[in-house]
Amino acid sequence: MPELPEVEVVRAGLEPAVSGATINSVEVFDTRSLRRHDSSRGDFARLLIGRRIAAAARRGKFLWLPLADAAAASALVIHLGMSGQVLLREAGASPDAVARDRHVRIRLGLDHPDHGEFALHFADQRIFGSMALDALVPTPDGAPGGHGFDAPLVPGQVAHIARDPLDPAFSDAAFFDALAHKKTEIKRALLDQTLISGVGNIYADEALWAARVHYAQPTATLGAGRARTLLAEIRLVLAKALAEGGTSFDAQYVNVNGTSGYFSHSLNVYGQSGKPCPRCGRTLTRVAFMNRSSHFCTHCQKIRG
DNA sequence: AGCGAGCCCTGCGCGC
DNA sequence: TGCGCGCAGGGCTCGC
């Protein structure tokens with residue numbers, strides 16, 4: 001279940017391999033992985049073949065590979081969804097090379113001036129992820145569009161996504177202001193990618209536990225001090241996961257070289273219901289929330305006025 | 001504006 | 001053994 005840390009591991013792994021590489025071939029094995037590609041822009045494969053990748057960028061959970069050599073700025077947008085993987089493999093069109101990786105939906109043949117030819121496999125078991133060719137549009141604040149990309153541009157389908165809390169251009173003040181004025185609960189706000197991006201169900205629960213905030217605390221009554229603490233804990237949780245290479249539960253998440261990121265042994269509350277709270281020792285609770293689960297400690301995390 | 005419901009999907013683990 | 005069901009959930013649309 002890739003969240004910001006896992007996606008960043010993928011971006012960082014892709015960056016040296018794909019920057020400067022030319023796309024020589026595109027094979028789409030399952031068009032459902034192109035759900036977010038607007039076909040009125042043109043055929044996905046035809047738009048990509050012959051283009052050169054300039055960089056590997058990320059904002060929140062969205063990845064994009066900006067393309068050079070074009071009249072209009074565009075990018076290959078990648079979202080991993082629940083189970084997406086980007087795998088770098090040796091060149092060669094043999095069916096075995098594809099079959100070795102399960103659930104390969106799209107395969108790109110790339111040629112790098114220094115490293116030669118290789119293949120990029122987009123594998124995705126549950127097909128919640130996608131690839132798309134999209135136009136780049138200016139960022140409203142004029143700051144770089146995302147991590148790994150200096151230009152003040154962002155793919156159109158990512159433009160509504162807020163900056164993530166590790167982005168130097170993320171505005172703490174604007175985030176706090178939004179919390180103070182919204183009529184919603186804090187976990188909903190954390191999962192709302194238009195307020196703050198990159199945080200999913202796992203790290204939301206972890207950060208809320210670390211900050212001792214109840215998932216249903218109204219954002220308007222959270223208070224400035226606790227909001228600051230929560231944002232700091234979000235950054236800590238994300239940075240810690242990033243340092244450890246991302247979280248994985250069932251090897252769905254695999255980094256660009258195919259090895260599992262693994263951080264789940266470090267989780268304090270997510271998936272730990274029934275076990276003792278690492279802080280107070282009382283039993284951790286799991287409740288249904290927003291069509292998913294919230295894990296928390298009823299003693300450490302109370303709704304406060 | 002906010003939120004619930006539903007949809008997109010596959011595979012795993014469970015109970016019977 | 002094998003079937004059916006619940007569950008996992010990011011992002012989006014629809015309707016109240």
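Just so it is clear, the model here is predicted, and its values are computed rather than measured. Every chain is numbered from 1, with letters handed out A, B, ... down the list of sequences.
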Checklist entry - What's the CZ-P distance between A:Phe128 and B:dC8, to the nearest Å? => result 10 Å
Under 3.5 Å between N/O atoms: give me all the protein pairs with nucleotides 11-14 of chain C, atom names plus distance.
residue, atom, partner, partner atom, Å
C:dG11, OP1, A:His79, NE2, 2.7
C:dG11, OP2, A:Lys61, NZ, 3.4
C:dG11, O3', A:Arg36, NH1, 3.3
C:dC12, OP1, A:Arg36, NH1, 3.0
C:dC12, OP1, A:Arg36, NH2, 2.6
C:dC12, OP2, A:His160, NE2, 3.1

Item to check | Residues A:Thr221 and A:Gln217: side-chain donor-acceptor under 3.5 angstrom | outcome: yes
Checklist outcome for this item: Given the options A:Leu120, A:Asp111, A:Leu67, A:Leu47, A:Ile23 meets side-chain contact (heavy atoms from CB on, under 4.5 Å) only with A:Leu67
Next on the checklist: What's the separation between atom NE2 in A:His299 and atom SG in A:Cys280, rounded to the nearest 0.5 Å?
Outcome noted: 5.0 Å
Next on the checklist: Side chains of A:Ser83 and A:Asp124 only: does a donor on one sit below 3.5 Å from an acceptor on the other?
Outcome noted: yes
Checklist entry - Rounding to a whole Å, what distance do you find between A:Asp124:CG and C:dG10:P? => result 14 Å
Next on the checklist: Any carboxylate oxygen within less than 4.0 angstrom of a Lys/Arg side-chain nitrogen, looking at A:Asp141 and A:Arg163?
Outcome noted: yes
Checklist outcome for this item: Reading nucleotides 2-7 of chain B from 5' to 3' and marking B where a protein heavy atom lies under 4.0 Å of the base, S where only the sugar-phosphate is that close, and - otherwise, the string is SSS---
Checklist entry - For A:Ser294 and A:Lys187, does a side-chain donor sit closer than 3.5 Å to a side-chain acceptor? => result yes
Checklist entry - Please give, in whole Å, the distance from B:dG11 C1' to A:Met82 CE? => result 12 Å
Checklist entry - Given atom CZ of A:Arg32 and atom P of B:dC9, what is their separation to the nearest angstrom? => result 6 Å
Checklist entry - Are A:Arg235 and A:Asp172 within salt-bridge range, i.e. N to O under 4.0 Å? => result yes
Next on the checklist: Could you tell me how far apart A:Leu80 (CG) and B:dC9 (C1') are, to the nearest whole angstrom?
Outcome noted: 16 Å
Next on the checklist: On the nucleotide C:dG10, are OP1 or OP2 found under 4.0 Å from the side-chain N or O atoms that A:Arg35 carries?
Outcome noted: no
Next on the checklist: Can you tell me which nucleotide in B:dC8, B:dT10, C:dA8 comes closest to the side chain of A:Ser293?
Outcome noted: C:dA8
Next on the checklist: In this structure, how many angstroms lie between the C1' atom of C:dG10 and the CG atom of A:Leu190, rounded?
Outcome noted: 15 Å
Checklist entry - Can a salt bridge be assigned to the pair A:Arg58 and A:Glu8 using a cut-off of 4.0 Å between side-chain N and carboxylate O? => result yes
Item to check | Paired stretches of DNA chain C - 3 or more consecutive Watson-Crick or G-U pairs, each distance under 3.5 Å | outcome: B:2-16 with C:2-16
Item to check | Side-chain donor-acceptor pair present, A:Arg35, A:Ser130, cut-off under 3.5 Å | outcome: no
Item to check | Protein-nucleotide distance (A:Ile202, atom CD1; C:dC7, atom P), rounded to Å | outcome: 18 Å
Checklist entry - Tell me: CG of A:Leu4 to P of C:dG10, nearest whole Å? => result 13 Å
Next on the checklist: Assigning hydrophobic clusters by single linkage (Ile, Leu, Val, Met, Phe, Trp, Tyr; side-chain heavy-atom cutoff under 4.5 Å), is A:Val77 placed with A:Val86?
Outcome noted: no
Next on the checklist: side chain to side chain contact (heavy atoms under 4.5 Å, CB included), that's the test. Do A:His295 and A:Trp209 meet it? Break it down for me.
Outcome noted: CA-CA 9 Å; A:His295 310 77; A:Trp209 177 85; over 6 Å; no
